[in-house]
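Each remark here refers to the structure printed beneath this line.
Excluded from the calculations below are hydrogen atoms, water molecules and symmetry mates; all remaining heavy atoms, backbone and side chain alike, are included. Read the numbers this way: they start at 1 and go in the same order the structure lists the ligands and their atoms. These figures come from a predicted structure and were not determined experimentally.
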Amino acid sequence: MATSSTSIDWRARAASARFDGRAFIGGERRAARDGQTFDKRSPIDGRALGPVARGQAADIDAAVAAARAAFDDGRWAKRAPAQRKRTLLAFADRILAAKDELALLETLDMGKPIQHALAVDGPSAARCIAWYAEAVDKIYDEIAPTAPSALALIQREPMGVIGAIVPWNYPMIMAAWKLGPALAAGNSVVLKPSEKSPYTALRLAELALEAGLPPGVFNVVPGYGHEAGEALALHSDVDAIGFTGSTRVGRKMLEYASRSNLKRVYNELGGKSAFVVFPDFKDLERCAKTLAGSMFFNQGESCNAPSRLLVHASIADDFARRVAAEASKYRPADPLDAKTTMGALVDEGQLGTVLGYIDAGREEGATVLAGGTQARADSGGYYVEPTVFDGVRNDMKIAREEIFGPVVSVIRFDNEAEAIRLANDSTYGLQASVWSSQIDRAHRVARALRAGTVHVNQYDEDDLTVPFGGYKQSGNGRDKSLHAFDKYTELKTTWLRVDAQ
Ligand code: NAD
C-alpha cells in the first residue's frame, strides 16, 4: 500500500538519505575532471549533505561536446515531435513517481518546507515538462503569402546546444521552465544548477535517461557561478543561454555573449514588485492575507514577491496592522515537519544579506511592525522572522533593492497618479498588482504599470499557459507558455521556385 506523504517521518528519511553530487555528462555520472569537490551543507541545521563535483571549464567542455554530438547526429532533434512527446511524458511521470525523494532533496538542499516541496515543486516541474511535451506535436509552421512563382516555408528549427543556468529558490521548477521548451523543441541542454541547490537537477537528469531521453541530450554540471557558470556562458559551441538569477549576474551573461560567439541570452532576473491598495477595495482582509501569503511563501525568496506595499494614506495604518497580524502567522520552523509553512533561508550568506537590509531599514528611519530578527539560531540553520516595515519611502534602500527574504515595506501614497509613479519608480518590472473595486481605476492602473505581469484584485493566479518574465532590468524573453519556444528555436525561411507549366 502506498504511504501517505503526510504520514512519512521526514526526519528519519533525511537521516538516511543519500546524496550523489557527481556531474551527469553523456548519460553517466562523472566526478569533476580534476577530482575537486565542494561541501554542501543543509540550511536547515548546517548538516553536511555530501561532496558535490566542482565543475570547471574542462567539465563544461565535456558536457557541451556530449550535447553537441547528440544534437548533430539527430538522436533527439530529428525524432518526430510525437516521439519526443512520448519520451518527455515518460520523464514527467518519473518525476511524479519520485516526488517524495525529490521533495526531500529540495528541502534539505535549500530549506523550504517539505509540504511545499511535495505539493508545489515536484508536481509543477512534472507539469511543465508534460505541458511542453503535449504542445510540441500541435504547433504548425507557416507558408508565406508570396506570389505563385514561389513557395516560402517559414519553419522553426531547434537551435542546438542550450546552456541553462538557474538559481536555488525553486531549483526544479526553474530547471523545468528551461528544459520543457528546450528539449521539446529538439535541443540538447547543459544545465548548471546553483551551487546552493545541486541535487535535484542531477536526479532529474537520471530520471530523464531512464525515461528514454538519449544520452548526451541532457547534461548537468554542478559548480560555482564564476567557474562552471562562466565557462558555460562563455562557451563558443553553446547557441543560447537561458539564465534565471540576479540582475547583477544577468548583466554578465550579456558580457560573456559579446566576448564569445554572440549566443542568444535570455535573462529572467530580479524584482521589487509593487502591490498597490486603493481605499475603495472592499475586502481588505483577503487583500492582507494574499499579500502575506505571496510575500512570505518560500521564505520571501521569490523573484515576484510583492515586497513594496503601496497603500493609500487613508487606510495605511489599519492595513499595515492587518499585514503585521498576518505575518505573525508565518512562524519559521523545522522544514522537515510536515506542518511547517516557513522554512530556512538558503545559507549563511543570504541570512547576513537579509539581516543587513533589516538593519538598513531601521537606520533609514523605517519602523518594524513585525519580525525584524533572526529566529531559531540554536538550530544551526538560517531563519528570519517575517518582517513588516512601516513608514518606508520609495527612495530608501529597502524599497529600491531586491532583498530576497521575508521583508515587506509599507509605502504610503495620496492619490492614483502618485501610486502609479511610485510603483513604476523602480529599476525592476517583473510583476505588480492593483487592488480596487472600481473597474475603471483597476483597468487604468493595470495599464499604467510597467511590469511583465499585472494582477488585479489577486496575486495567486499562475499557469503554464501564460508567459513569465519582466520589463526593464527584470530581464528579457519569457519563460512558460508557447512564447518560450521562441527562445530555443531559430526561424528559418526556405524559398522554393515554382515554375509555370
Ligand atoms: P545568482 O545570480 O547569484 O545565481 C544564479 C545562477 O547563476 C547560479 O547558478 C549561479 O551559480 C550562477 N552564477 C553566479 N555568478 C555567475 C557568473 N559570474 N557567471 C555565470 N554564472 C554565474 O542568483 P541566485 O542568488 O541564485 O538567485 C536569486 C535571484 O534569482 C534573484 O535575483 C531572483 O529574483 C532571481 N530569480 C528570477 C526569476 C525570474 O523568473 N525572473 C525566478 C527565480 C529567481
Review point. So, does Met253 sit close enough to ligand 1 that a heavy atom of it is under 4.0 Å from the ligand?
Key: yes

Review point. Is there at least one pair of N or O atoms, one from Glu402 and one from ligand 1, spaced under 3.5 Å apart?
Key: yes

Check your understanding: Which of the atoms of ligand 1 are close to Asn169, meaning less than 4.0 Å from one of its heavy atoms?
Key -> 43 (C), 44 (C)

Check your understanding: Quick one: nearest non-hydrogen protein atom to atom 28 (C) of ligand 1, plus distance?
Key -> Phe404 CE2, 3.5 Å

Check your understanding: With a 4.0 Å cut-off, would you call Arg264 and Glu490 a salt bridge?
Key -> yes

Check your understanding: Is ligand 1 under 4.0 Å from a heavy atom in the side chain of Thr244, in the backbone, in both, or in neither?
Key -> both

**Study point:** Pair Asp395 + Arg400: basic N to acidic O under 4.0 Å
**Key:** no

Review point. Tyr266 vs Tyr488 aromatic rings, parallel, tilted or perpendicular, using cut-offs 30° and 60°?
Key: perpendicular

Check your understanding: Nearest protein heavy atom to atom 36 (N) of ligand 1, by residue and atom, and its distance?
Key -> Cys303 CB, 3.5 Å

**Study point:** Separation between CG of Leu430 and CD of Glu402, rounded to the nearest 0.5 Å
**Key:** 8.5 Å

Check your understanding: Can a donor-acceptor pair be found between the side chains of Gln431 and His455 at a distance below 3.5 Å?
Key -> yes

Exercise for review: Please state which part of Lys252 comes within less than 4.0 Å of ligand 1, counting heavy atoms only: side chain, backbone, both or neither.
Suggested key: side chain

Review point. So between Pro167, Gly245, Pro222, Gly225, whose heavy atom ends up nearest atom 29 (C) of ligand 1?
Key: Gly245

Exercise for review: Within a distance under 4.0 Å of any heavy atom of Phe468, pick out the atoms of ligand 1 and give their elements.
Suggested key: 39 (C), 40 (O)

Exercise for review: Check whether any side-chain heavy atom of Asp347 lies under 4.5 Å from a side-chain heavy atom of Arg41, and answer yes or no.
Suggested key: no

**Study point:** N or O pair under 3.5 Å between Leu269 and ligand 1
**Key:** yes

Exercise for review: Decide, yes or no, whether a salt bridge links Arg54 with Asp59 under the criterion of side-chain N to carboxylate O below 4.0 Å.
Suggested key: no

Practice item. Look up atom CZ in Phe243 and atom NZ in Lys178, then write down how far apart they are to the nearest 0.5 Å. Key: 9.0 Å

Revision key, fill the gap. Per-atom filter on ligand 1: closer than 4.0 angstrom to a heavy atom of Met174 are 42 (C), 43 (C)

Point to revise | Ionic contact status for Asp334 with Arg376, cut-off 4.0 Å | key: no

Check your understanding: Using a heavy-atom cut-off of under 4.0 Å, does the side chain or the backbone of Pro193 touch ligand 1, or both, or neither?
Key -> backbone

Point to revise | Ser246-ligand 1 polar pair, N/O distance under 3.5 Å | key: yes

Check your understanding: Taking N or O atoms only and a 3.5 Å limit, does Val166 qualify as a polar contact for ligand 1?
Key -> yes

Review point. Relative to the heavy atoms of Tyr256, which atoms of ligand 1 are at a distance of less than 4.0 Å?
Key: 17 (C), 18 (N), 19 (N), 20 (C)

Point to revise | Polar contact flag for Lys192 and ligand 1 (N/O pairs, less than 3.5 Å) | key: yes

**Study point:** Salt bridge flag under 4.0 Å for residues Glu28 and Arg30
**Key:** yes

Check your understanding: Just distances here: any N/O of Glu195 and N/O of ligand 1 closer than 3.5 Å?
Key -> yes

Check your understanding: Would you say the side chain of Pro158 lies within less than 4.5 Å of the side chain of Asn187, judging by non-hydrogen atoms?
Key -> yes

Review point. Considering only protein heavy atoms, which is closest to atom 25 (O) of ligand 1, and at what distance to one decimal place?
Key: Trp168 NE1, 3.0 Å

Point to revise | Nearest protein heavy atom with distance in Å, relative to atom 12 (C) of ligand 1 | key: Ile165 CG2, 3.7 Å

Check your understanding: Is it the side chain, the backbone, both or neither of Lys196 that has a heavy atom closer than 4.0 Å to ligand 1?
Key -> neither

Exercise for review: Check whether any heavy atom of Tyr170 sits under 4.0 Å from an atom of ligand 1.
Suggested key: no

Review point. Using 4.0 Å as the upper bound for N to carboxylate O, is an ion pair formed by Lys263 and Asp239?
Key: no

Review point. Would you call the rings of Phe19 and Tyr199 parallel, tilted or perpendicular if under 30° counts as parallel and over 60° as perpendicular?
Key: tilted

Check your understanding: Are any non-hydrogen protein atoms located under 4.0 Å from atom 4 (O) of ligand 1?
Key -> no

